[in-house]
Amino acid sequence: MALVLYNTLTRRKEPFSPLNPPYVGMYVCGPTVYGDPHLGHARAAVVFDVLYRYLTFQGYKVRYVRNITDVGHLEGDADEGEDKILKKARLEKIEPIEVAQRYTALYHKAMDALNVRRPSIEPTATGHIPQQIAMVQRILERGYAYVVNGSVYLDVELYRQDFPYGVLSGRQVEELIAGSRELEGQAEKRHPWDFALWKRAEPTHLMQWDSPWGRGYPGWHIECSAMSTHYLGVPFDIHGGGLDLIFPHHEAEIAQAHACYGEAAHHQARFWIHNNLVTIDGQKMSKSLGNFITIEEVFSGNHPKLSRGYPPMALRFLILQAHYRSTLDFSEEALRAAYRAYLRLMNAYRRLLQVRPHSYATYSIGAWKEKVFAALDDDLNTAAALALFFEQTDDILRLYRNEIYLSPEDLDSLKRIWQEVLFDILGLTPIHQVEWERWERVVNLLIHLRRQARSERNFALADFLRDELQRLGVRLLDFPEETLWELAE
RNA sequence: GGCGACGUGGCCGAGCGGUUAGGCACGGGUCUGCAAAACCCUUUACGGGAGUUCGAAUCUCCCCGUCGCCUCCA
C-alpha cells in the first residue's frame with residue numbers, strides 16, 4: 001500500500017515519497033483576500049486539507065504552508081490591471097489592510113465551518129517583501145531579468161535559452177507569441193510574454209515599499225516563490241492549487257525558481273497537484289457570468305439557486321463525493337443528495353458505537369479495510385472510499401440487531417476505521433458525543449411515551465409524537481420489539 | 001487558432017480490458033394501526049461510427065457535443 005498522486009508536471013500518477021523523510025513540505029496557493037470566499041475556495045481548501053490529513057495520518061511530519069495574497073494580484077490584462085485589493089479599498093473608501101483583514105477573517109470563518117484544518121504556516125505577501133526583493137535581486141544578478149523604469153521583468157527569452165519554459169502547462173513560447181495580444185503599456189517589456197517580478201508604484205499608489213529599483217510592489221508570481229522557498233526550501237515536496245493557476249502563475253513560479261537557483265531548483269516542487277474547478281450548470285463559476293455562489297450563501301440559503309440553507313458538512317461531503325481532478329457541477333439537488341448521504345453515514349456511525357461484541361463472527365472486514373485504504377492511496381479517490389462506507393451501513397444495522405456478528409477484534413477495527421477515515425482523514429465532523437447522548441435520552445423518553453400510546457391504541461397521540469419528532473429532524477424506525485431513531489433532513 | 005480535459009441510467013458521481021460502484025430520486029411487494037425504516041423484486045447506462053480483442057464504458061482511429069487554459073481566477 002502506497003500513496004500514488006497525479007503529478008501535473010509529468011502527467012502521470014507517481015508513487016509519493018518525500019525528499020527528506022519523515023518531513024513533507026507542502027505549499028498551496030491560498031486566496032487573494034478581496035472578496036467573499038466561494039465554492040471554488042471551498043473545494044481547493046478541502047481537497048488539500050484531505051491530502052494534509054492523509055499524509056499526517058501516514059506518519060509524515062507535514063509542514064503545510066498556505067499563503068494569503070494581500071497585495072500584487074492584478075486584475076485585467078497583462079501586468080497593467082489594478083491591484084484587486086486596492087480596487088476594493090478604493091471602492092469602499094477604506095484602507096487596503098482593512099480589505100485584506102476583513103476577507104481573511106471571512107475566509108477563516110468559512111474554512112473553520114468546513115472543518116478545514118489551519119495550515120502550519122499562513123504567510124502573507126505583505127509580510128515577506130524583503131524575501132521577495134532578495135529573490136528578484138538574485139534573479140537580476142544571474143542575468144534572467146531586467147530593470148525598466150523602476151519595474152523588473154523576467155526575460156523569458158533569455159530564460160528559455162537555459163531552461164525549458166512551459167513544461168507544466170504544455171505550452172510553447174511560439175504559441176504564446178502567436179496568441180499574445182498587443183496591450184497598452186507593455187512597451188517597456190522586451191517581449192510581451194515577459195512577466196513582472198516587481199512593479200514601479202506611482203506616488204499615489206496605496207501599497208508600496210522601498211526597493212533597490214525605487215518605490216514599488218511585488219508581482220503576484222514572485223510572492224508564492226519567495227514564501228514557499230523561505231519556509232520549505234528548494235525544491236520541496238508538493239505544490240498545490242487550482243487548475244486555473246497552472247498558467248501563468250505556476251509556470252512563472254517554476255521559471256522564477258530556476259532563474260534564482262538554477263537546475264538545483266528542480267521545478268521548485270517534486271509534485272505539482274491541481275484540483276479541478278466547480279461549475280454551475282456546466283460552466284465555471286465567475287463573477288462575470290454572475291453564477292457565483294459564496295460559501296456563506298450555501299450555509300444561509302440566501303441565493304437564487306437555493307431554496308434553503310445547508311450545513312457545512314453537506315458541502316464538504318459534496319466535494320468529497322467527486323474525485324478532486326474531475327469538475328464538480330454544483331446544484332441544489334446534488335447538495336441535498338450529499339447532505340442526506342452524509343446523515344446516513346453519521347447515523348450508521350452512531351449505531352456502530354452501540355454495537356456489542358460477540359464471541360463469534362459470521363463475517364470479517366479485512367478485505368473491506370484494505371479496499372478503503374487502496375482507494376485513498378489511489379490518487380486520493382475519496383469518492384470510491386466513501387462508497388465503501390455505504391456498503392457497511394446496512395450491515396451495521398444488522399450487527400446492532402444481532403442478526404450478524406463480528407469478532408471483537410474486527411468490531412474494534414471497524415469502529416477505528418470509521419473514526420480514522422471519516423473524521424480524521426476526510427475531515428467530516430460527527431454530531432458531538434455529548435449532544436448525541438442528550439438527544440438519546442430525550443428522544444428515548446418520547447419513544448417510550450409513543451409506544452405506550454400505541455399499545456393503548458391511542459394512535460392520534462402516537463402519530464402526533466412521531467410527526468413532531470420528524471419536524472425536528474428525528475426519524476423513528478419501528479421494529480416489532482423496539483423503536484430506534486436517527487437524524488433526518 | 002494552440003494546449004488540455006470531459007461526454008456513464010431521472011440527478012450527482014466512481015470506474016483505467018472480464019465482477020451490482022455508490023449516493024439521491026422513482027416503481028412494485030413484504031412488514032405496519034397508518035407510515036417511515038428494514039428486507040425482497042423490478043426499471044432507467046456507458047455521445048455516434050469503425051477497429052483491436054475470446055471479451056471494451058475501459059485500448060486505437062474518425063465524427064459530434066460540452067468545458068477549461070492561452071497573462072483576472074481555487
Side-chain angles (χ1 to χ4, degrees), chain A residues 8 11 13 28-32 35 37-48 73-82 84 166 169-172 174-176 178-181 183 186 192-196 220-221 240-249 251-252 274-279 282-288 317-318 321-323 325-331 333-342 344-345 375 378 381-391 393-394 397-398 401 403 454 457 459 462-463 466-467 470 475-480 483-486 488:
Chain A
T8 308
R11 289 162 227 279
K13 287 185 190 176
V28 174
C29 292
T32 300
H38 54 68
L39 291 176
H41 293 112
R43 186 171 196 196
V46 166
V47 164
F48 289 103
H73 198 164
L74 310 183
E75 65 178 14
D77 288 317
D79 300 329
E80 293 300 327
E82 186 171 10
K84 290 172 181 236
S169 58
R171 220 147 293 222
Q172 303 298 317
E174 286 72 16
E175 294 158 7
L176 293 176
S180 72
R181 291 167 268 167
L183 296 162
Q186 289 210 329
W193 53 97
D194 292 349
F195 55 87
W220 176 38
H221 312 310
L243 208 65
D244 47 352
L245 295 179
I246 292 175
F247 193 91
H249 187 52
E251 202 70 76
H274 294 95
N275 63 278
N276 214 317
L277 307 179
V278 178
T279 59
Q283 282 191 305
K284 178 180 173 177
M285 285 196 322
S286 72
K287 286 193 169 171
S288 54
F317 202 90
L318 178 69
Q321 266 194 316
H323 186 89
R325 286 192 289 116
S326 304
T327 51
L328 171 58
D329 199 46
F330 181 87
S331 68
E333 199 179 352
L335 181 63
R336 174 185 292 248
Y339 182 38
R340 291 189 178 177
Y342 161 74
R344 192 169 152 203
L345 281 191
D378 182 16
N381 194 339
T382 55
L386 282 174
L388 287 162
F389 279 84
F390 286 102
E391 278 184 12
T393 58
D394 295 341
L397 184 62
R398 285 197 211 101
R401 307 197 69 230
E403 294 167 8
R454 288 175 72 200
R457 305 194 64 79
F459 297 124
D463 290 352
R466 181 178 64 194
D467 295 345
Q470 179 79 42
R475 178 166 49 216
L476 300 185
L477 283 57
D478 283 328
F479 292 94
T483 297
L484 306 178
W485 65 278
E486 62 186 22

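Not measured: the values here are computed from a predicted model. Values reported hereafter were calculated over all heavy atoms of this structure, with side chains retained and with hydrogens, waters and symmetry mates removed. Each chain gets a letter, A, B and so on, in the order the sequences are listed, and its residues count up from 1.
- Across all strands shown, V278(A) has heavy atoms under 4.0 Å from base atoms, whether or not it also approaches the sugar-phosphate.
- Under the 30°/60° scheme for interplanar angles, the aromatic rings of H41(A) and H38(A) are found to be tilted.
- Nearer the 5' end of RNA chain B, as judged by each residue's closest nucleotide, is the contact made by N381(A), out of P31(A) and N381(A).
- OP1 or OP2 of C16(B) has not a single side-chain nitrogen or oxygen of K13(A) nearer than 4.0 Å.
- Within the nucleic acid shown, A44(A) comes within 4.0 Å of sugar-phosphate atoms alone, with no base atom in reach, counting heavy atoms only.
- Counting any heavy atom pair closer than 4.0 Å across all strands shown, R475(A) reaches sugar-phosphate atoms only and no base atom.
- Side-chain N/O atoms of R336(A) include none lying less than 4.0 angstrom from OP1 or OP2 on A25(B).
- For R344(A) and G22(B), the shortest distance from a side-chain N or O to OP1 or OP2 is not below 4.0 Å.
- Looking at heavy-atom distances under 4.0 Å, T279(A) makes no contact with the nucleic acid at all.
- Residue S331(A) places none of its side-chain N or O atoms closer than 4.0 Å to OP1 or OP2 of C11(B).
- Nucleic acid contact for L277(A): base, since at least one base atom lies under 4.0 Å from a heavy atom of the residue.
- As judged by a 4.0 angstrom heavy-atom cut-off over every strand, L397(A) is placed among residues touching the sugar-phosphate backbone only.
- Contact annotation for G40(A): base contact, defined as any heavy-atom pair under 4.0 Å involving a base atom.
- Comparing L476(A) and F390(A) by the nucleotide of RNA chain B that holds the closest heavy atom to each, the one mapping nearer the 5' end is F390(A).
- Note on H38(A): a base of the nucleic acid sits closer than 4.0 angstrom, heavy atoms only.
- One side chain, T483(A) or D478(A), offers a donor N or O that lies under 3.5 Å from an acceptor on the other.
- For T279(A) and D329(A), the side-chain atoms include at least one donor-acceptor pair closer than 3.5 Å.
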